[in-house]
Amino acid sequence: MTKKVQRKTVSELPDKLNFSEIEKKWRARWEEDGIYRWNSDRPRSETYVVDTPPPTVSGSLHIGHVFSFTQTDVIVRYQRMCGKNIFYPIGWDDNGLATERRVQNVFDIRCEVDKAYQPEWKPEGVEHISLLASKSVSKTIPTVPAVPANGEDTTTVVSRQNFIEACQLLTKEDEKIYEHIWRRIGLSVDWQLQYATIDDHCRKISQLSFLDLVNRGYVYSEESPTMWDVDFQTAVAQAEVEDRESVGHFYDIVFKVEEREDYESGNGGTNFIISTTRPELLAACIAVVAHPDDQRYQDLFGKYAITPLFNVRVPILPAVHADPSKGTGILMVCTFGDVMDVEWWKHSDQPIRQIIGRDGKMLDIKFVNATEGASTAFVSLFPQEANHHYSKLVGHSVKSAKKIMAKLLAETPGILAAPARETKQAVKYYEKGERPLEFISTRQWFIKILEHRDQLLEQGEKIKWHPEHMRVRYEHWVRGINQDWCISRQRYFGVPFPVWYHIDQAGNCDYQNPIFADNAMLPVDPMIAVPPGYTEGQRNLPGGFCADKDVMDTWATSSMTPQIVSHWQLNPQRHQKLFPMDLRPQSHEIIRTWAFYTIVKAYYHQQTIPWEQVAISGWVLDPDRKKMSKSKGKVITPENFIDTYSADAVRYWSAKARLGVDTAFEEGQFKIGQKLVTKIFNAAKFIFGIFEHNKYNDASEVSKLKETNKEITEPLDLIWLELLNQAVVKSSDYFNLLDYAGALQITEETFWAFCDHYLELIKVRAYGGKGAGEQIEASQSQGVRSALVTLEFSLHTFLKLFAPFFPYVTEEIWSWSCVCVKDQQTAAPVDSVHSSTWPTPLPLPTEINSDFAQSTFRQVVEIISAIRGAKTAQKRNMRWRVKKLTLGHSAEIRESLQAFLPDICNAGNVAQVEWSEVEVAGLQELRVAVELDTAETN
RNA sequence: GGGCGUUUAGCUCAGUUGGUAGAGCGCUACCCUUACAAGGUAGAUGUCGGGGGUUCGAGCCCCUCAACGCCCACCA
């Protein structure tokens with residue numbers, strides 16, 4: 001059905017492109033008309049589902065976000081125009097450490113888990129919260145709220161619940177800022193599909209996930225040494241750990257070997273040397289090991305060594321992990337220096353000697369002699385001396401304990417075999433942390449990964465990765481995992497575990513038999529709610545219960561983003577329609593976390609992949625080719641660029657970058673985008689001028705074109721449309737491979753050819769050969785009709801091809817045909833370019849060979865370029881008359897070009913054309929000679 | 001140390017099964033031409049990182065080296 005619609009007259013069109021005005025107008029219109037809404041009634045097969053990344057709101061939104069989100073939006077807009085029912089949600093990742101850190105700093109508060117909740121409490125400054133939130137976070141703010149040793153602590157201490165409320169207040173504000181930018185850049189997300197990872201719904205899904213994994217046997221809790229950040233005072237998972245290069249020192253420490261004969265006396269016999277970079281752990285030494293085949297130490301195995309300074313007897317044992325080529329080949333095992341220590345300890349029957357506390361300070365321990373030592377691991381041959389030495393370390397941080405030990409070793413004769421020497425070492429840090437991780441034994445929840453590695457690798461193979469090589473990163477990571485996923489964090493602003501423990505009569509928690517919440521209770525905070533069968537009065541009392549105080553790793557929630565939006569377990573019908581999804585867009589540095597964990601969850605819950613395709617965006621790099629990040633202190637606010645260059649221009653820059661390719665930030669790219677957008681605007685205005693001149697006012701023509709294409713008769717129009725058809729096909733092909741940049745490139749090239757050549761060539765014909773002021777006859781010539789129809793179709797096609805990239809300017813121009821009016825009767829959505837269908841090639845009345853179209857168009861362009869060149873060379877303007885144009889080529893070419901000469905002559909203002917007298921057979925190149933009019937005759 | 005990627009004009013980047021090296025920016029000159037001076041036209045610019053190989057022919061395929069980036073491993 002075709003609506004009768006009138007075009008706007010040129011006088012009604014905006015004079016200049018005022019982008020901020022049209023952005024505002026269309027943003028409001030799209031929201032009002034809901035053109036980006038998901039239709040829950042349509043079947044899965046017609047739906048395109050996107051697992052949008054929920055950005056961490058507690059940072060500053062930078063240009064990199066805009067970059068990658070725009071890329072996804074472009075793909076989504078294409079799918080929408082292909083008729084897909086789009087499910088494009090938007091989420092906010094607001095739980096986790098980033099928010100805690102920000103809240104602590106903004107409100108100057110600190111959480112203590114056991115403090116009582118105060119319902120009336122509000123953070124100071126809350127009335128100016130938007131002001132507080134708008135102050136961008138600086139990395140210079142300490143990660144941890146200072147707890148000054150002098151007791152002058154101005155920080156307000158609040159309960160977990162109060163702390164969470166403060167977090168929610170602030171994240172709400174942060175989300176507003178983010179939403180504002182997303183709307184400005186023109187993301188076509190469905191704002192009704194909004195979630196925040198700390199909201200009730202997400203907590204519920206996270207807890208359901210946990211309980212489902214418990215039921216399926218994928219979860220266990222265990223007290224064991226785990227990687228621990230001493231500042232944040234929480235366990236962390238392998239995926240959040242990074243290595244940092246640092247300078248350490250080797251200390252060559254002399255150990256004495258206790259021979260059988262001097263066992264009683266305690267005097268050492270033979271000596272050996274251990275090279276260590278962690279002398280501060282000497283008191284935590286539990287054994288000395290060397291490789292079983294190491295000939296140097298064969299006679300030591302089975303004997304005992306005596307640690308210097310602390311005089312602790314430790315066994316000398318063979319261990320395969322000892323590398324004979326490193327250091328002296330013999331090393332001490334401490335609890336705990338590194339992963340190997342942990343592994344070795346787990347499989348040994350040696351005691352644990354924990355000397356580093358959860359706060360990273362040396363614990364206050366006492367060495368005793370063997371007869372007193374039944375209840376402690378710290379047994380020394382000379383406890384008094386050991387305690388004398390150790391007392392110097394107590395309460396010091398690991399770093400300063402290391403210094404003190406270095407001094408002690410140096411001062412005590414006979415211990416250091418050589419002066420300390422420098423070495424480069426890689427030290428493990430929590431990615432957000434500032435001090436090295438320690439291994440500290442604590443109780444944590446784990447999700448099993450190691451025993452399912454092969455299946456997880458298979459899942460990765462079933463997913464299509466863009467670019468393909470990103471799959472390798474996934475596989476690499478999965479193969480390299482050596483720990484199960486630790487999902488518990490000793491933090492506050494996160495999803496609590498829906499778990500309590502029974503307390504026996506002696507007051508001990510029964511961790512072996514956790515009490516899990518019923519699904520009906522979720523979301524639940526065990527610190528507030530009471531487990532089934534208990535009363536609040538029994539909390540923390542013998543015979544009663546206690547809550548699990550930990551919260552989940554933020555990835556435990558983020559890994560459920562598909563299920564969060566599909567309402568897994570809550571609405572099976574909806575879930576069915578959305579899961580597995582079509583597309584996961586994300587960046588490459590979180591393949592090991594977000595992508596990996598999401599694949600884990602989908603597999604464990606439903607034995608499926610979470611999405612068919614993953615699109616990995618590149619990074620935005622500084623001009624010095626480092627990742628552009630807020631840490632550089634460079635505030636590159638996306639909004640400035642939108643203000644300066646327009647949203648469409650910023651989108652252009654984003655869409656020019658291919659998936660997975662890092663892009664150096666270059667402001668010039670915005671200018672190019674802006675130029676292109678302006679060009680589209682001006683070209684459209686020009687075309688509307690031609691329409692008006694010819695009284696070609698019925699904008700519905702183009703929809704009937706497939707039947708009435710017989711109007712297209714002129715050879716130039718036909719080959720042009722063939723070229724445009726090719727562009728349509730290529731662009732679609734690129735889009736289907738998620739190569740939006742390729743699609744943009746082909747459209748852009750074709751559009752410039754349209755403006756520079758086609759428009760110039762038909763200008764005179766389209767005006768009926770009349771001057772600007774002259775009135776055209778009512779009955780247009782066929783040449784004019786052909787041009788008008790071609791222009792109309794071309795404009796429509798370009799608007800559609802550009803629509804995913806430039807939603808604003810294309811919509812604005814689309815509206816000039818007055819088709820963007822709301823149906824008064826049905827109040828149906830507007831006919832927006834974004835709800836229009838993606839173009840398909842126009843059937844031409846005469847079949848045109850595509851190679852012929854290309855080569856002929858190229859030759860035509862060659863001729864007019866030669867004409868322009870001649871005018872430029874002779875410093876004439878482009879309307880300067882050409883007295884004679886002489887062309888030379890084979891008869892065949894001459895034949896085919898003949899039909900284009902009228903348009904060429906019009907465009908070049910050529911008075912006379914002549915073919916060169918000599919017919920050259922097989923001439924490869926077209927010969928063009930241009931003779932201009934003289935100044936007198938022109 | 002292992003892996004992945006990148007290396008093409010001064011800059012940012014294209015280059016789809018191997019077939020005469022491309023675009024934009026910048027630069028130079030010219031032009032107010034019935035859309036556009038926030039414009040247009042024309043022009044100059046390259047040992048395609050180095051070396052070797054396969055081929056009639058290599059920016060593209062193979063080997064090798066180098067630089068840069070990223071991921072992983074490396075705490076005795």
Side-chain angles (χ1 to χ4, degrees), chain A residues 10 16-17 242-243 245-246 248 250-251 274-278 281 288-290 321-323 326-334 337-341 423-428 436-437 467 469-473 475-477 479-480 482 588-589 591-592 618-619 621 623 625-627 653 656-658 660-666 668-669 671-672 674-676 678-690 693 730 733-734 737 739 741-742 745 748-749 752 755-756 759-760 763-764 767 770-774 864-880 909:
Chain A
V10 174
K16 290 269 177 191
L17 174 60
E242 63 185 29
D243 287 352
E245 218 27 69
S246 72
F250 271 119
Y251 297 88
I274 280 177
S275 283
T276 180
T277 56
R278 299 207 59 180
L281 287 177
V288 168
V289 298
H321 77 264
D323 181 349
K326 283 192 182 173
T328 54
I330 189 162
L331 60 134
M332 62 177 186
V333 178
C334 305
D338 62 19
V339 195
M340 293 318 301
D341 286 349
T423 176
K424 272 204 179 143
Q425 55 182 173
V427 180
K428 286 193 190 308
L437 290 171
H469 69 255
M470 290 296 177
R471 177 204 312 280
V472 178
R473 294 207 183 192
E475 289 171 353
H476 208 92
W477 172 253
R479 291 211 178 88
N482 55 33
H588 48 74
E589 81 275 18
I591 289 174
R592 67 176 183 173
W619 282 347
L621 305 175
R625 304 212 65 84
K626 299 275 180 222
K627 186 188 180 187
W653 164 74
K656 283 294 267 188
R658 287 166 157 71
V661 178
D662 297 345
T663 298
F665 181 80
E666 204 209 5
Q669 292 294 321
K671 290 187 189 153
I672 300 167
Q674 193 184 26
K675 193 176 137 180
L676 176 55
T678 307
K679 192 80 178 176
I680 297 170
F681 176 86
N682 285 322
K685 258 181 66 178
F686 177 52
I687 293 169
F688 269 67
I690 294 174
H693 181 87
K730 282 187 204 158
D733 288 348
Y734 278 123
L737 298 169
D739 188 358
Q745 191 177 322
E748 193 179 356
E749 280 169 7
W752 282 106
C755 292
D756 293 347
L759 281 184
E760 293 297 332
K763 207 181 252 185
V764 173
Y767 272 107
K770 305 285 178 182
E774 297 177 63
I864 57 170
S865 289
I867 295 170
R868 288 165 176 167
K871 291 176 181 178
T872 301
Q874 295 179 42
K875 307 190 178 181
R876 303 300 190 193
N877 70 45
M878 289 297 133
R879 288 308 303 161
W880 197 269
N909 196 13

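Chain identifiers are assigned alphabetically (A, B, ...) following the order of the sequence lines, protein sequences preceding nucleic acid strands; residue numbering begins at 1 within each chain.
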J.: Determine whether A/Ile864 and A/Arg868 make a side-chain contact, defined as any pair of heavy atoms from C-beta on separated by less than 4.5 Å.
T.: yes
J.: Rounding to the closest angstrom, what is the interatomic distance between B/A23 and B/U8 at atom C1'?
T.: 13 Å
J.: Whole angstroms only, please: what is the CZ-P distance between A/Arg879 and B/G40?
T.: 18 Å
J.: Polar atom pairs between nucleotides 1-3 of chain B and protein, under 3.5 Å, N or O only, would you list them?
T.:
from, atom 1, to, atom 2, distance (Å)
B/G2, N2, A/His476, NE2, 3.1

J.: For A/Trp653, which contact category applies under a 4.0 Å heavy-atom criterion: base, sugar-phosphate, or nothing?
T.: nothing
J.: Figure out the CD/C1' separation between A/Glu748 and B/G22, and round it to whole Å.
T.: 14 Å
J.: State which residues pass side-chain hydrogen bond (donor to acceptor under 3.5 Å, both in side chains) with A/Glu748; sequence neighbours excluded, sorted by chain then number.
T.: A/Tyr652, A/Lys656
J.: For a quick check of understanding: with a heavy-atom distance under 4.0 Å over all strands, which category does A/Arg658 fall into, base, sugar-phosphate or nothing?
T.: sugar-phosphate
J.: Applying a 4.0 Å non-hydrogen cut-off, can you work out what A/Ala322 is touching in the nucleic acid: base, sugar-phosphate, or nothing?
T.: base
J.: Need one value for A/Cys334: base, sugar-phosphate or nothing, where a base atom within 4.0 Å counts as base even if backbone is also close, heavy atoms only.
T.: nothing
J.: Taking atom C1' of B/A29 as reference, at what distance in whole Å does atom NZ of A/Lys875 sit?
T.: 7 Å
J.: Return yes if some donor-acceptor pair links the side-chain N/O of A/Lys871 with the main-chain N/O of A/Arg876 below 3.5 Å, else return no.
T.: no
J.: Any donor-acceptor pair under 3.5 Å between the side chain of A/Asp243 and the base of B/C74?
T.: yes
J.: Under 4.0 Å, heavy atoms only, any strand: does A/Glu760 hit a base, just the sugar-phosphate, or nothing?
T.: base
J.: Which dot-bracket string fits RNA chain B when only Watson-Crick or G-U wobble pairs with both atom distances under 3.5 Å count, crossing pairs get [ ], and | stands for a partner on a different strand?
T.: (((((((..((((.....[..)))).(((((.......))))).....(((((..]....))))))))))))....
J.: With rounding to the closest Å, how many angstrom separate the P atoms on B/C27 and B/A21?
T.: 28 Å
J.: Can you check the A/Lys671 NZ to B/G39 C1' distance for me, whole Å?
T.: 16 Å
J.: Rounded to whole Å, how long is the line connecting atom CG of A/Asp756 with atom C1' of B/A42?
T.: 13 Å
J.: Looking at residues at least two apart in the chain, or sitting in another chain, which of them share a side-chain hydrogen bond (donor to acceptor under 3.5 Å, both in side chains) with A/Glu475?
T.: none
J.: Measure the distance from NZ on A/Lys326 to C1' on B/C75 and round it to the nearest whole Å.
T.: 9 Å
J.: Map A/Glu749 and A/Leu331 onto RNA chain B by nearest heavy atom, then report which one ends up closer to the 5' terminus.
T.: A/Glu749
J.: Would one find a side-chain N or O of A/Lys871 under 4.0 angstrom from OP1 or OP2 of B/A42?
T.: no
J.: Does A/Phe250 reach a base, just sugar-phosphate, or nothing at all? Heavy atoms under 4.0 Å.
T.: sugar-phosphate
J.: Quick one: label A/Asp733 by what it contacts on the DNA or RNA (base, sugar-phosphate, nothing), any heavy atom closer than 4.0 Å.
T.: nothing
J.: Can you measure from CD (A/Gln425) to CZ (A/Phe250) and round to the nearest 0.5 angstrom?
T.: 7.5 Å
J.: Taking atom C1' in both B/G15 and B/C48, compute the distance separating them and give it to the nearest angstrom.
T.: 11 Å
J.: Check every strand shown and say whether A/Asp341 touches a base, only sugar-phosphate, or nothing at a heavy-atom separation below 4.0 Å.
T.: nothing
J.: Looking at every strand, decide which applies to A/Lys679 at a 4.0 Å heavy-atom threshold: base, sugar-phosphate, or nothing.
T.: base
J.: Taking only side-chain nitrogens and oxygens of A/Ser246, does any of them come within less than 4.0 Å of OP1 or OP2 of B/C75?
T.: no
J.: Taking any heavy-atom pair under 4.0 Å as a contact, classify A/Thr423: base, sugar-phosphate, or nothing.
T.: nothing
J.: Check every atom of B/C36, B/C75, B/C4 against the side chain of A/Arg278 and return the nucleotide holding the closest atom.
T.: B/C75
J.: Roughly how far apart, to the nearest Å, are B/G18 and B/U28 at atom C1'?
T.: 37 Å
J.: For a quick test of reading the model, state the closest non-hydrogen atom pair linking A/Arg879 to A/Asn877 and the distance between them.
T.: N-OD1, 2.8 Å
J.: What pairs of donor and acceptor atoms, side-chain ones from residues 679-688 of chain A against any protein atom, are under 3.5 angstrom apart with sequence neighbours left out?
T.:
from, atom 1, to, atom 2, distance (Å)
A/Asn682, ND2, A/Thr678, O, 3.3
A/Lys685, NZ, A/Asp15, O, 2.8

J.: Toward the 5' end of RNA chain B, which comes first, A/Thr872 or A/Gly329, by nearest nucleotide?
T.: A/Thr872
J.: Roughly how far apart, to the nearest Å, are B/U7 and B/C56 at atom C1'?
T.: 29 Å
J.: Tell me the interatomic distance from A/Ile867, atom CD1, to B/G40, atom P, rounded to whole angstroms.
T.: 20 Å
J.: Given the C1' atoms of B/G57 and B/A14, what is the spacing between them in whole Å?
T.: 23 Å
J.: Quick one: A/Arg479 CZ to B/C71 C1', roughly how many Å, whole number?
T.: 14 Å
J.: Could you run down the sub-3.5 Å N/O contacts of the protein with nucleotides 24-28 of chain B?
T.:
from, atom 1, to, atom 2, distance (Å)
B/C25, OP1, A/Lys675, NZ, 2.7

